[in-house]
Number of protein chains: 2
Amino acid sequence: MRYSNTHKQETRQKLLDSSRAIAKKGGFDTTGVDALMSAIGLTGGAFYSHFRSKADLFAELIQLETELSTDMLAGDDNSPPDHVSKRIRNYLSTYHALHPEEGCVLAALGPEIARASPQVKAQVEAMLKRLQRSWATRLDDNDAGWALLAQCVGAIVLARVVESERTRQEILASSRRFVEKVQQPDQK
Amino acid sequence: MRYSNTHKQETRQKLLDSSRAIAKKGGFDTTGVDALMSAIGLTGGAFYSHFRSKADLFAELIQLETELSTDMLAGDDNSPPDHVSKRIRNYLSTYHALHPEEGCVLAALGPEIARASPQVKAQVEAMLKRLQRSWATRLDDNDAGWALLAQCVGAIVLARVVESERTRQEILASSRRFVEKVQQPDQK
DNA sequence: GTCTATAGCATGATAGAC
DNA sequence: GTCTATCATGCTATAGAC
């Protein structure tokens, strides 16, 4: 064969990785297949050797995004006691607000996910519940799991819709202080 | 003239009102001019008698949305002391999560606004700052203004990306309890 | 596995009839 | 002021050459 065994797999992975960033930056519906393919040096027609439809790519993309984010944010048995507040401080950063392409998929594509198929939303829900349980257990507060997730996503959305850098900083700083006030001292 | 003096004004207002709901439900970029016009019984070509471009409609739409929301949420001198917690309870409702077309534009179109022109984002910022100042003053807590706004927007986004009604309720209930814990007793 | 070419349709926007 | 018709362009998806 003209192409190696793993060539298709590699191309698929490159397309997936590249599309994740592009979709989070410019929106998924708004971005055409041609743009996604040319970003990895291929033409639009070749897309359908890798995915049956654009919606299929979206489903895999969201699945991958939520898995990676949840793995990072939830932490494991080796994570320190202040794991959650560390992750939150990192989430509520100016860098995150200014770089949606590297950031959380919920803050960047939340409304598009809300309009997606039940299958996609069920996948997202499963990952979110895992993350919520992890945080609720660590903080010993059932409500704090969901509430802190909402705080994070909402603050980044707000920080991105305003124009001035100053207001963006204010929103993030207020949100960080608010979260710290709520958390117990021994978890900081 | 074949049409009354106020006919154009009325049509423009109808188009604006109709488009607000459609955009919040299905996304603005995703919805075509034809769909927006046929929703008020007109054809696509007539759109450009009322707006110079689709982007112009978006700007006016966002302006109107943020004004109306801010007026409602900020309250005035006649509002009761528990104004803020009442509005937040209302915002964090299942009805709001299930009806984006009637709800907050930030939760529905946040990422699209984030990609909009600096002019649009500056308008949104002005309204958000007015709302933030109002809440911060009422609660006598500078951080709470931005933080509670973020909590509201984030909770609705989360509630909309999950599939099961049960999880949606959990998210909203946790967020409501979290907000109540934080607020002072005399403001409830 | 990727290419070009193309089908079929929707888009944003314009021109001219009424 | 709204209509139909139209343009140019974009889209998703398919077929067939290489």
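Each chain gets a letter, A, B and so on, in the order the sequences are listed, and its residues count up from 1.
A salt bridge does not link Lys54(B) with Asp29(B): every distance from a Lys NZ or Arg NE/NH1/NH2 to an Asp or Glu carboxylate oxygen is 4.0 Å or more. Salt bridge status for Arg130(A) with Asp71(A): present, with a side-chain N to carboxylate O gap under 4.0 Å.
For the pair Lys86(B) and Tyr91(B), the cation-pi test (distance below 6.0 Å, angle within 45°) is failed.
Rounded to whole Å, atom P of dG1(D) lies 10 Å from atom CD of Gln9(B). Between Lys14(B) atom NZ and dG1(D) atom P the separation is 14 Å, expressed in whole Å. Between the P atom of dT12(D) and the CG atom of Asp56(A) lies a distance of 14 Å, rounded to the nearest Å. When the C1' atom of dC3(D) is taken as reference, atom NE2 of His50(B) falls 12 Å away, rounded to whole Å. Rounded to a whole Å, the CZ atom of Phe58(A) is 16 Å from the C1' atom of dT12(D).
The side-chain heavy atoms of Glu165(B) and Thr94(B), taken from C-beta on, include a pair separated by under 4.5 Å.
In this structure, the side chain of His96(B) does not engage the main chain of Leu92(B) through any donor-acceptor pair within 3.5 Å.
Here Leu73(A) pairs with Arg87(A), Leu131(A), Trp135(A) under the side-chain contact (heavy atoms from CB on, under 4.5 Å) rule; sequence neighbours left out.
Side-chain nitrogen and oxygen atoms of Thr11(B) include none within less than 4.0 Å of the OP1 or OP2 phosphate oxygen of dG1(D).
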A correct 5'-to-3' footprint of nucleotides 10-17 of chain C, with B, S and - meaning base, sugar-phosphate only and no protein heavy atom under 4.0 Å, is -SSBB---
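Out of dT2(C), dT4(C), dC3(D), the shortest distance to the side chain of Ser49(A) is found at dT2(C).
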